Asker: 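Mind looking over this structure? Questions follow.
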Amino acid sequence: MLEQAPLALGLAAFGCAIGLGLIGFGAMNGMARQPEAISKLQIAMLIALAFVELVFLLTVFIGVPGLR
Amino acid sequence: MEFLSNLTWLIAAGEAHGKGEGGKQAAHALEMSGLMFYVGLVALIIFGAAAVAKSGLNSKFFTKPLTKLFEQLYVFIQGLAIGTIGPHGRKYMSILFSLWLVVFVSNVIALFFPTSPTADLSFNLALAFIAVGYVQWEGIRANGVWGHFSHFAGPKLPIYLLPITLMIFIIEIISEVMKNVSLSLRLYGNIEGGHRAADAMNVLGQDLLIPFGAFLLPIKLLTCVVQALIFCLLFAVYLSLVTHHDHEEGHDHESHGEAAPAH
């Protein structure tokens, strides 16, 4: 379990990065199309970012034995 | 001078304790006195800054830069609260702003000191308990006890779908409890993760005598700001979920009018 943790963490980070990138992509597109909606888009984007990030953090807590 | 040496002793004791018990993995874990020292430091900074800012209040204009800074911060959080909760979000500004201050100052302390209160799971869990408990209280105050708890049961379904209502109720209760976990773990993971990444990168540059971890400081500063913001934002979202039945009509219209000039 201990030896496999780095690989699993890498995989988790891979998926998390894709998710974060998709959120940033969507938010940037929306902001470029409608600059007047930037404040609302930013808030929605931050909430979505927080939720995606949480998945990776949970993975870290389960995957890294020292943190449990 | 003696105070200073006591101070460094406290920090060192906080670090040594973690190393003694959990080995290398828990190097940042604090014992209770160390945590209390940092909590006291955070309280000192917040109350000191707020006292200085308050002394700059004037009937016509603000005399001190710190007062103006606090005003801008307040207006920013207020715009966020009104945009998220609606026009009655101004009511919750006191707790939102104090939580933002506590989380932000604790996060920034992590940039200068070996650790910080928010890098400790117990402190974050206490903050999350405060936030979620306040949300429950506000929900009960806005909808009544029965209304608040039937809010968990989802939409009104016919009586033969009672098992589904029960299932929704249980799942919603679990997700309500998980709000504590997600709020605290997110903050803890981000701040502590930053520390660990800096440590690991410092080891990386040990032979070249280059502190690679120090180059992470801009990202850590960004994390500090964003995490404090997200904590408040999610708190505001949870508040808006339990109180949005208040002024059902005209709510949307008003919030558009209010939120636009805030930014």
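Naming convention: chains lettered A, B, ... in sequence-line order (proteins, then strands); numbering from 1 in each chain. On a predicted model such as this, the values are computed, not experimentally measured, just so you know.
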Asker: Using the side-chain hydrogen bond (donor to acceptor under 3.5 Å, both in side chains) rule, collect all pairs that involve residues 129-138 of chain B, keeping only residues at least two apart or in two chains.
Answerer: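 Non-adjacent pairs meeting side-chain hydrogen bond (donor to acceptor under 3.5 Å, both in side chains): B/Tyr92-B/Glu138, B/Tyr134-B/Glu138, B/Gln136-B/His148, B/Gln136-B/Glu176, B/Glu138-B/Arg141.
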Asker: Do we see a donor-acceptor contact under 3.5 Å between the side chains of B/Asn190 and B/Thr223?
Answerer: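 The criterion, which ignores hydrogens and geometry beyond distance, is not satisfied for B/Thr223 and B/Asn190.
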Asker: Which pair of non-hydrogen atoms, one from B/Tyr238 and one from B/Ser182, has the smallest distance, and what is that distance?
Answerer: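 Where B/Tyr238 meets B/Ser182 most closely, the heavy atoms are OH-OG, 4.1 Å.
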Asker: Output all residues satisfying ring pair (Phe, Tyr, Trp, His ring centres under 6.0 Å) with B/Phe104, sequence neighbours left out; order by chain, then residue number.
Answerer: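 Scan of B/Phe104 (ring pair (Phe, Tyr, Trp, His ring centres under 6.0 Å), adjacent residues dropped) gives B/Trp100.
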Asker: Given a strict heavy-atom distance threshold of 4.5 Å, which part of B/Leu121 is in contact with chain A: side chain, backbone, both, or neither?
Answerer: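 No part of it gets close to chain A.
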Asker: So which heavy atom on B/Ala81 is nearest to which on B/Met93, and how close?
Answerer: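 Between these two residues, the closest heavy atoms are CB-SD, 4.0 Å.
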Asker: Given heavy-atom pairs under 4.5 angstrom as the criterion, report whether the side chain, backbone, both or neither of A/Leu57 touches chain B.
Answerer: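 The side chain, not the backbone.
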Asker: Is chain B contacted by the side chain of A/Leu58, its backbone, both, or neither, given a heavy-atom distance below 4.5 Å?
Answerer: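 Contact with chain B is through the side chain of A/Leu58 alone.
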Asker: At a heavy-atom separation under 4.5 Å, does B/Leu185 approach chain A through its side chain, its backbone, both, or neither?
Answerer: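 Backbone plus side chain of B/Leu185, per the 4.5 Å heavy-atom cut-off to chain A.
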Asker: Does any heavy atom of chain A fall under 4.5 Å from the side chain of B/Val226, the backbone, both, or neither of them?
Answerer: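 The side chain, not the backbone.
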